[in-house]
Each structure stands twice: as C-alpha cells, then as structure tokens.
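Here the structure comes first, spelled out in structure tokens, and everything after it is commentary.
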Amino acid sequence: MRSEMDVYVPRTLDEALQQKSAHPDAISLAGGTDVMVEINFGRLRPAGIIDLTRIPELREWRREDSHLFLGAGVTYSRIVRELADFVPLVQASRSVGSPQIRNRGTVGGNLGTASPAGDALPVLAAYDAEVVLQNRRGTRSLPWHTFLQGPKKTAMAPDELIRGTRWQVVNGPGSFSKIGTRNAMVIAVAGLCLQVDQDARQVRVALGSVGPTILRAPEAERFIAERLTWDDPGAPVTDEVVAEFAELVGRAAKPIDDVRGTARYRVHGCTVLAGRALRWALEERKAFKWL
Amino acid sequence: MAKTQADELAVVGKSLPKPDAMGKVSGQARFADDLMLPRMLFARILRSPLPHARIRQVDASRARAMPGVQAVLTGEDLPIKYGILPVSQDEEALCSEKVRYVGDPVAAVAATDEWIADAALEAIDVSFEALPSVMSIDEALAQPGEPIHPRGNVHKAVALEFGDTEEGLRSADHTREDVVFFEGNTHLPMEQHAAVAQYGQDGKLTVWSSTQTPHYVHRALGKVLELPMSRIRVIATPNGGGFGGKSDIFAHEIVAAKLAMVTGRPVKITLTREEVFYAHRGRHPVLMKVRTGFRRDGRITAMQFQSFLDGGGYGSYGVASTYYTGALQTATYAIPRYRFEGVRLFTNKPPCGPKRGHGTPQPRFALEVHLDKVADELGLDPVAIRRRNLVQPNSQTVNWLRITSCGLEACMDRVVADSRFLERRTAMPSGRGLGFAVSSYLSGAGTAIYWNDMPHSEVQVKVDRGGGVSVLCGAIDIGQGSDHILAAIVAEVLGVSLQDIQLTTADTDLTPIDLGSYSSRVTFMVGNAAIAAAQRVRQRLAEAAARMLHCESDELSFRGGQVGRRDHPGEAISFAQTVQAAEAGEGLISASGSYTPPKLAGPYKGSGVGPSPAYSFSAAVVEVECDPRTGEVRVPEVWIAHDIGRAINPVLVEGQVEGSVYMALGEALMEEQTFRIGVHKFPSMLEYKSPTTLEMPVVHTSLVESLDPEGPFGAKEAGQGPLLPVIPAIANAVYNALGVRIDEIPITPEKVLRALAQPSRRVGPKGVPRFAFPSPIQAARPPEWEGK
C-alpha cells in the first residue's frame with residue numbers, strides 16, 4: 001500500500017518557508033514536470049509536497065542594477081515571451097519539452113532536479129549565475145557550480161527553498177544549441193551554451209548531458225580568449241583556431257554511453273556544437289559591433 | 001459498381017468530415033477506458049521482471065488478505081493456451097511454468113481501486129529460476145541453453161521456389177547480393193489498450209475492449225474461459241489508434257473477463273504506457289539477404305530472398321509475418337523466377353506481430369535499396385530500372401498473385417514529375433538528396449486466419465418508417481474512418497444523406513460476421529457487403545415505390561431522400577413514404593449482404609499468404625537534408641502517389657497517406673524497440689523516439705484512381721500501403737545526399753557518421769547466419785510464366 005502524502009499549499013513566501021522548515025522531508029515543487037513523473041512511476045514517495053505555484057514572489061523576474069534576478073517559479077513559456085534579450089536562455093527555454101511542459105516547467109525546477117540534461121543549466125553556467133536559496137532565517141547565494149554537486153545532487157539544505165537565480169547581465173553574443181533525436185520532447189544527447197562576455201574579455205562555454213553535472217570547458221575558454229582580437233570584432237579568426245577551440249571543448253566532456261547515445265557520439269557532438277556556436281558568435285559580433 | 005461515373009455520385013468521392021470526428025475532438029467519444037459501471041473493480045497485472053525464467057512458486061496469500069482486494073488470479077486459474085493463429089496456440093493469459101520476456105503476465109489482481117491493486121501486486125511473491133536469455137537472431141540460432149519453447153527456438157522455417165532460380169541467376173548478365181537489417185519498432189497508438197468485463201447473474205459475459213478484432217477475441221474467450229460463445233458478447237470500443245497493435249488476443253482481455261466471473265462485479269483494466277510496449281505485437285526485426293540476376297537492360301531474370309525474423313517470446317501472427325516477408329516482392333516487379341526462404345526465431349522479447357504493412361516494409365526496404373544499387377552498377381537511373389520490370393495490370397505473378405487494376409506506373413510518373421526527380425537528383429546541393437521507391441499492398445487478405453466457410457464480411461441494413469437507415473456491421477473504426485465509408489456507401493445506394501444513417505458496429509450479439517479491422521480489408525470487404533445489403537433493400541423499396549408511382553421498379557432513382565422516376569423528375573415520393581409503403585406491404589424492410597473474396601490461393605503449400613482480391617500501389621520521392629558533421633537527417637519534403645482505386649472520401653485517404661508518411665519517417669530515422677540485458681531500453685513515449693509535428697515534412701499527396709473492377713465503387717486500400725515506399729526512399733535519398741549506404745533501419749545520426757568515416761561508406765550487416773532452410777517446395781508457375 002502506498003503511504004499517504006500531505007500536500008501543502010502555501011499562499012505566501014513566509015508560509016512556504018515555515019512549512020519547509022516544519023517538514024524538511026517534504027519536497028517542494030512548482031511545475032511538477034520532473035517530480036510528478038518520479039512519483040507516478042513509484043520512484044519517489046516523499047512524505048509531503050509543498051506546492052509553490054501560488055507564491056507571487058517566486059514568479060517574478062527583475063533587473064537589479066547590472067544583474068538579472070529570475071524567480072524560481074518563472075515558467076519557460078514566460079521566459080520565451082518576456083526575456084527576449086537573453087538569447088541563449090530563450091533558445092534553451094524554447095527547446096524544453098513541449099508547449100504544455102513549457103507552460104508548467106520552471107528554471108527553479110531545473111535547478112532543484114539538478115539533472116545534467118536540464119536545458120537551462122548550461123545557460124546559467126555560461127552566465128556564471130548564482131543560485132539564491134532561502135530559509136526562515138534568511139537567504140544565501142551560491143555559485144552555480146557550488147550549488148550543483150552532482151547528478152541530481154544539490155547543496156540545498158532540507159529547510160531551504162530555491163528563491164531564484166541571479167547573474168550579471170553579459171554584454172556579448174551567445175547561443176544555446178543541443179543535439180537530440182527530434183526537435184521537441186527530447187532530452188538532449190548533448191547541449192551547449194556559449195556566451196561571449198565582451199567586458200570581461202571572456203568566452204564561456206558550458207556543456208549539458210555529457211557529464212555527471214554541468215561542465216565548463218576552461219581550457220577551451222582560455223585558448224579562445226587569448227586568440228580573439230577583443231578590440232576589433234571584425235578581425236578574422238581562422239578555421240584552425242575554431243577547430244582547435246571545438247576540439248578542446250570536446251575534450252572537456254565526460255560523457256557515458258546510455259540509451260540516448262554513445263559517449264563517442266556525445267563528445268563529437270560537443271565539438272560540432274562548439275565550432276558552430278563560436279562561428280555564430282563571431283559573425284554576430286561583427287554584425288552588431290559588440291565592444 | 002466500379003464503373004459508376006463520378007458525376008453520378010452524391011456522397012462517394014466527396015471529401016466529407018468523419019461522422020465520429022467531432023465526438024473525438026470534443027472528448028465525447030467513449031473509449032474503453034471511459035466506461036464506468038456501478039460497483040466496478042480495477043485490475044492490474046503482475047509481469048515478469050526476467051526475460052527467461054521458470055516459475056517455481058507464486059504465493060498470493062499476502063495480496064489476497066489485503067483490504068480492498070477482491071480476487072487474485074495466477075496461472076493455474078487460466079490453464080488453457082491460446083493464440084491468434086490455429087497453428088500457434090502457445091500463450092497463457094497468466095504464465096504457469098515459464099516466463100519468456102520481461103513483461104510476460106504472471107498474476108492479476110482485482111481491487112476496489114487501482115492503487116490497492118498496484119499495492120497488491122507488490123505483495124505477490126513469485127519465486128523464479130532464471131534461465132539464460134536469448135536476445136537476438138544469432139543467439140536464438142546458437143541455442144545456448146534451454147530453448148524458449150519445447151520444440152526449440154526455430155518457430156517456423158519455410159522455403160518456396162517458383163522456377164529454377166539458380167538457372168535464372170546463371171543466365172543473368174549481372175548479379176548482385178545485398179544483406180540488410182530492419183530493427184523492430186512498435187505501433188505507439190495514442191490510446192493504451194483497455195478492457196471492461198461484466199458477468200451477469202444470467203451467466204452471460206460481456207467484454208468491451210479496444211480491439212481491432214472482436215470476432216477473434218470472442219472465439220478465444222470461449223476457448224480459454226470454457227464458455228459457449230453464445231454466452232459471450234464482445235463489443236469493440238472505438239480504437240484510439242490500432243496500426244495492428246490491437247489485432248491480437250491479449251492477456252488483459254482474458255484476465256478482466258475471468259476476474260469479472262470470479263468476483264461477480266464489473267472489472268476494468270487499462271494498460272499503462274509501459275505495458276503497451278510489452279503487449280507489443282509490432283514490427284519484427286528482420287535480417288534479409290537478397291540476390292538478383294539482371295539482364296544488361298535492367299530486366300530481372302531471377303531473385304532469391306532470405307529473411308530471418310526475430311519473433312519475440314510467442315507465435316502470435318508470426319507464421320503469417322514470415323510468409324509476408326516473401327510474398328509481395330513480385331507484386332511490383334515481374335520476376336520470372338523467384339525463391340523465398342524465411343525463418344522466424346523465438347527470442348526473449350515481447351512478441352512481434354503485425355504492424356502497418358505486416359511483414360512487408362522490411363523486405364520492401366531491402367528490395368528498393370537493392371534495386372537502386374543495381375541501377376548504379378548498370379548505369380541506369382532509379383526510375384528506369386523499375387520501369388523495365390513493372391508488373392502489368394491483369395497479370396499473374398510467378399507466385400500466383402492475381403494483379404487486376406494497377407496504377408503503379410501512373411503513381412511513379414506522378415511523383416517523378418512533381419518532384420522533378422530525374423532533373424534534380426544529379427544536381428542537389430551538398431548534403432541534400434532525393435530518393436525514390438515504389439510498393440504494393442493487399443486490399444484485404446484473401447484467406448481468413450482460421451479455416452471457415454463464412455463470408456469475410458456481412459452487413460445488415462434496416463430501414464425505419466421515419467426514413468432512417470440502420471446499418472449493422474462487425475467492423476470497428478480504428479481511426480481510419482471505416483464508419484464513414486460504411487455510411488457513405490449505404491447513403492449512396494439508397495440516396496439518403498449521411499445523417500440518416502445510424503451505425504451499430506462491432507458488437508458480436510448484434511452485428512453479423514466481420515473478421516476485423518486489419519490487413520487493409522475493411523473498405524474493400526465491408527464496402528462490398530454494404531453495397532450488396534443496400535441494393536437488396538433498395539430493390540424491395542423500389543418495388544413498393546413502383547406500385548405507388550405506377551411504373552417499373554427499374555425506372556426509379558434514389559437521390560436526395562427521394563425515390564422518383566428517372567425520366568419524369570416531378571414524379572417522386574419521399575424515401576420515408578417509400579419505406580412506409582414497403583413496410584405496410586411486407587413488414588420490416590431489412591436485408592443483409594456479404595462479401596467472400598474469390599479463391600485466389602495458388603496450388604502450393606503456403607499460398608494462403610499474399611493473395612488479395614486487389615492490390616494498391618504507391619510511389620514516393622523523399623528529399624532529405626543531411627548534416628555531415630552531426631549525422632542528422634531531416635526530411636523537408638515528400639511526394640507520394642497512391643493508387644486507391646477510387647477514393648470514397650478523398651480527405652480520409654489523404655489522411656491515411658499522410659499518417660503513413662509520418663509513421664514511415666519515425667521507423668526510418670529513429671524508432672526502435674531495443675533491449676539491454678533483457679530489458680526494454682525505453683518503454684516510454686519520452687525516450688522511445690517517434691517524430692513530433694516539428695519533424696513532419698511538407699507532403700504532396702496525389703491519388704491515382706484505377707477503378708478496381710471488384711472494389712466497392714472501384715476502391716482499394718489506403719491504410720498500410722503508402723507507408724511502404726517511404727522508408728527505402730529515405731535510405732536512397734541519404735545515399736544521394738552523402739554517398740553513404742545505411743543498410744540498417746533506423747538510419748540514426750551515429751550510423752551516418754560511422755558510414756562517413758569508413759572506406760566502404762556503408763553501415764549494415766555483413767552477412768546472414770548459417771541456417772539450413774528446408775529444401776524449397778517447388779511450386780508450378782502460372783501458365784503465362786512457363787518457359788520464361
């Protein structure tokens with residue numbers, strides 16, 4: 001007999017934090033697009049569920065000086081509609097599941113589930129975002145790589161909720177792309193976000209679905225940062241440089257064989273995505289004169 | 001009725017919405033899972049977690065003691081074996097001695113709700129003794145441990161020869177051999193199978209089931225439950241997609257019935273999506289070798305075809321599937337000498353069976369890819385080599401298939417012209433390619449699944465004094481639109497509107513015999529039966545009207561709800577008045593009509609599979625866009641032409657053609673039912689990849705009307721045939737785009753990359769395993785082939 005489960009429906013953030021503190025073994029959810037699948041397949045049976053969909057603060061996003069704060073409960077559909085300036089995030093959001101899933105699913109869910117295949121996560125990693133956590137006593141912020149500890153493992157304490165995520169708005173072109181068997185309802189075989197940060201003179205690359213958690217490609221990033229002519233977006237970049245960058249990105253991947261694809265194909269996929277993403281960014285840099 | 005001119009027809013030939021369409025899109029259609037009966041219980045099935053094991057003991061005492069559990073069944077409660085084919089009675093509703101695949105049913109529970117039933121499954125203790133499992137054709141032939149069935153892992157081996165093929169190959173200018181593989185895949189209907197059973201105090205059993213074949217379920221229930229068929233009523237509910245996946249007899253149907261009998265309460269069972277993957281009966285994985293001799297001009301001199309089918313754990317339709325992998329090669333090309341050898345093997349996987357195209361998409365892939373390769377070698381284009389060999393209308397194939405109407409050449413001409421295939425194929429930009437293929441399929445199997453002398457289909461028509469027309473028919477609409485076809489044909493003959501027709505379908509208490517909605521038989525066979533029934537009613541009505549209008553009955557026309565004198569348009573009475581007059585004279589006006597296909601089987605053993613009263617033909621050109629870096633293949637555009645005989649409702653035919661293109665796309669590029677350590681790799685709709693609307697190409701559908709002399713109003717099938725040419729056309733297009741041969745379906749990005757990296761530019765099987773086929777039955781050739 002399956003155990004009974006308590007469902008909490010807080011109306012305010014305070015109420016939610018109290019309930020999470022009183023019932024640390026309850027799982028909090030917003031869209032439920034990950035959690036409900038696990039429950040329905042009998043792989044997860046939490047003592048309780050805290051439904052966060054009625055809390056207004058979690059559904060907000062706002063600009064905070066040079067940063068963007070994205071509430072944990074903002075759905076992918078809203079990101080696509082409302083955050084057009086954040087191109088890679090919009091591209092990743094558009095590739096999540098189906099319209100129904102995008103209407104329910106949230107970035108907070110991607111963070112909470114901490115699957116290496118979460119489409120928004122490589123974008124947050126390339127933005128160098130931090131994750132804002134909150135409990136009854138207050139809030140704390142962790143860099144994305146401290147928050148994501150491993151496959152489905154996070155640094156969140158049992159009494160904490162994910163409040164949202166925050167990053168410094170980046171000046172420069174970027175993109176998210178993924179390889180999958182079809183164009184919707186697909187968990188990526190490999191996903192990649194490349195973001196040029198013109199001010200910091202960095203190119204940041206993050207990979208999804210090719211390791212236990214989201215990976216950056218530091219060697220590749222260093223390599224390309226040294227080879228770009230930062231003050232002249234029109235300066236040519238040779239095919240050899242792009243190829244070597246792509247190769248280095250591929251080397252950063254740590255994939256395994258699974259039902260969606262072989263490790264070899266995934267590494268190859270990262271290489272192809274990296275080369276293409278860099279070319280797109282360079283073209284855009286030229287066109288828009290990012291300086 | 002074939003020769004009726006289109007402009008004389010009021011309903012037939014018009015694109016009209018299906019009568020059930022609004023009900024389905026608005027949620028009013030009542031599928032099996034929508035049925036709710038008072039005091040109904042919910043059943044769940046415990047399935048084997050092991051691919052091959054002996055059952056030592058099943059202890060259900062803990063489950064039986066749970067509150068809310070009303071009954072638990074195990075193998076000993078249902079000991080009688082059954083199977084869809086008389087020669088393969090090898091299944092048990094609940095296994096008693098052995099399990100043969102992960103998902104094989106072992107026990108069942110009925111409880112007051114599904115959650116209690118689920119919990120009770122966990123409380124059933126089964127002790128298994130694991131046996132080595134057999135997961136491939138090679139392993140099945142190697143026979144490492146205990147065979148899956150007592151008589152061994154070879155389920156069926158057949159060999160047929162028509163003319164001396166060795167001699168035909170020797171006399172050829174050019175021969176070629178190819179080995180290809182087609183991985184298994186499944187139907188993926190939107191509706192999961194469901195059944196509701198009720199056993200009354202009167203000792204009568206009623207079963208509602210989402211089945212394509214209520215008549216066969218009726219027979220099997222009688223056998224397994226040891227009830228006279230007169231006490232069983234099977235009602236097929238609308239199918240939310242069938243594709244062949246609901247045409248077998250399933251354990252859950254028998255289990256629901258038995259649980260209803262044991263508990264005295266109605267019982268519902270609905271399979272989970274995961275269980276649908278185990279119920280399966282889908283596309284067989286088939287390894288094939290084809291060897292063909294050609295003259296310099298491309299004409300075929302002889303063909304030898306071998307197929308190895310990976311059948312899964314049970315027989316199912318497998319004997320028929322085996323023959324089908326060899327039956328229709330000759331239905332598109334005039335092959336003067338032909339040898340077919342086929343073997344089906346048992347493996348520890350869910351049983352395979354019929355899926356759209358039943359046993360013929362795999363050899364069609366082999367054949368059409370093979371022909372393209374030969375065309376290259378002979379310096380011919382893909383169209384020319386096929387044109388050299390085209391089967392002719394009103395001919396007989398070397399394996400005794402009777403070809404009557406044949407629009408194959410018209411189909412070819414249409415897609416080749418519309419896509420500008422010949423001009424464009426040699427001038428495609430990098431990474432883009434065009435591929436071409438043709439095919440043929442049957443309009444209903446010419447023989448029943450079990451030997452009997454009944455008609456294959458019978459339709460009863462009754463008219464009421466308000467002018468309404470009741471049509472009773474055993475066929476169930478599985479989404480293809482058979483309800484519309486039935487209503488349209490009767491409306492056409494009686495000159496009434498579609499809204500005047502009331503259908504009662506697929507209820508074994510009320511409707512006459514029909515073998516089921518499979519083998520593309522419904523329009524052809526039910527349609528002919530409906531014409532016969534409606535014409536009989538019309539004749540009786542005409543006699544009554546003739547008395548009132550003072551004329552002869554053959555001067556009357558039935559049109560627009562009126563019965564009137566053809567040559568005196570003013571002299572008419574309403575259809576309802578006519579019915580009243582006829583009923584006053586002779587009582588209830590009712591008649592039935594039936595259809596039995598002509599006896600077409602050739603004079604050899606194994607000739608029962610392949611004959612059909614008519615064949616449909618299709619041709620397709622597919623354009624692909626390949627990414628040589630990622631190996632991804634996209635299909636932007638498809639041109640397909642289908643010889644439908646006559647389109648009774650063109651929009652429905654186009655729907656079947658487009659649906660076939662969609663399904664073929666999935667099979668060609670991504671779908672595979674594959675296993676890891678005995679376990680299905682991805683029994684879910686998320687990970688079992690089939691195309692979404694985003695993958696759907698632009699499809700240019702052309703209908704070719706060859707007006708079949710025996711088809712209802714000239715019609716032939718549309719449900720399965722159009723799938724066939726698309727898969728090989730995609731493979732041929734990938735070759736045109738990248739110069740690689742992926743001789744293995746599905747054509748995944750990984751295979752494309754592998755082929756690009758290899759000197760042979762090919763991915764595919766290297767050979768076939770050694771197997772001693774029986775020496776072929778040497779069948780006589782039809783007279784027209786003698787001496788050729």
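Proteins come first, then strands; the chains are lettered A, B, ... in the order of their sequence lines, and each starts at number 1.
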>> I'd like to know whether CD of A:E82 has more than 12 heavy-atom contacts from other residues, nucleotides or ligands below 6.0 angstrom.
In response: yes
>> At a 4.5 Å cut-off on heavy atoms, which part of B:L753 comes close to chain A: side chain, backbone, both, or neither?
In response: side chain
> With A:D239, which residues qualify under side-chain hydrogen bond (donor to acceptor under 3.5 Å, both in side chains), at least two apart?
Replying inline: A:R279
> So do the side chains of B:L694 and A:R182 get within less than 4.5 Å of each other, counting heavy atoms only?
Replying inline: no
>> With chain A as the partner, which of B:L686, B:T693, B:T748 has the greatest number of non-hydrogen pairs under 4.5 Å?
In response: B:L686
> Roughly how far, to the nearest 0.5 Å, is the CE atom of B:M696 from the CG atom of A:N183?
Replying inline: 14.0 Å
>> As an exercise, state the distance from CG of A:N40 to CZ of B:R273, rounded to the nearest 0.5 Å.
In response: 14.5 Å
> What residue in B:M670, B:K681, B:E695 has the most heavy-atom pairs under 4.5 Å with chain A?
Replying inline: B:E695
>> Please classify the contact between A:V189 and chain B as side chain, backbone, both or neither, with a heavy-atom cut-off of under 4.5 Å.
In response: neither
>> Counting only non-hydrogen atoms closer than 4.5 Å, can you tell me which residues of residues 102-116 of chain A sit against chain B?
In response: none
>> Using heavy-atom distances under 4.5 Å, tell me whether B:S684 contacts chain A through its side chain, its backbone, both, or neither.
In response: neither
>> Using a 4.5 Å heavy-atom cutoff, which residues in residues 244-269 of chain A come close to chain B?
In response: A:V259, A:R260, A:G261, A:T262, A:Y265, A:H268
>> What residues of residues 622-636 of chain B make heavy-atom contacts with chain A at a cutoff under 4.5 angstrom?
In response: B:D627, B:R629, B:T630, B:E632, B:R634
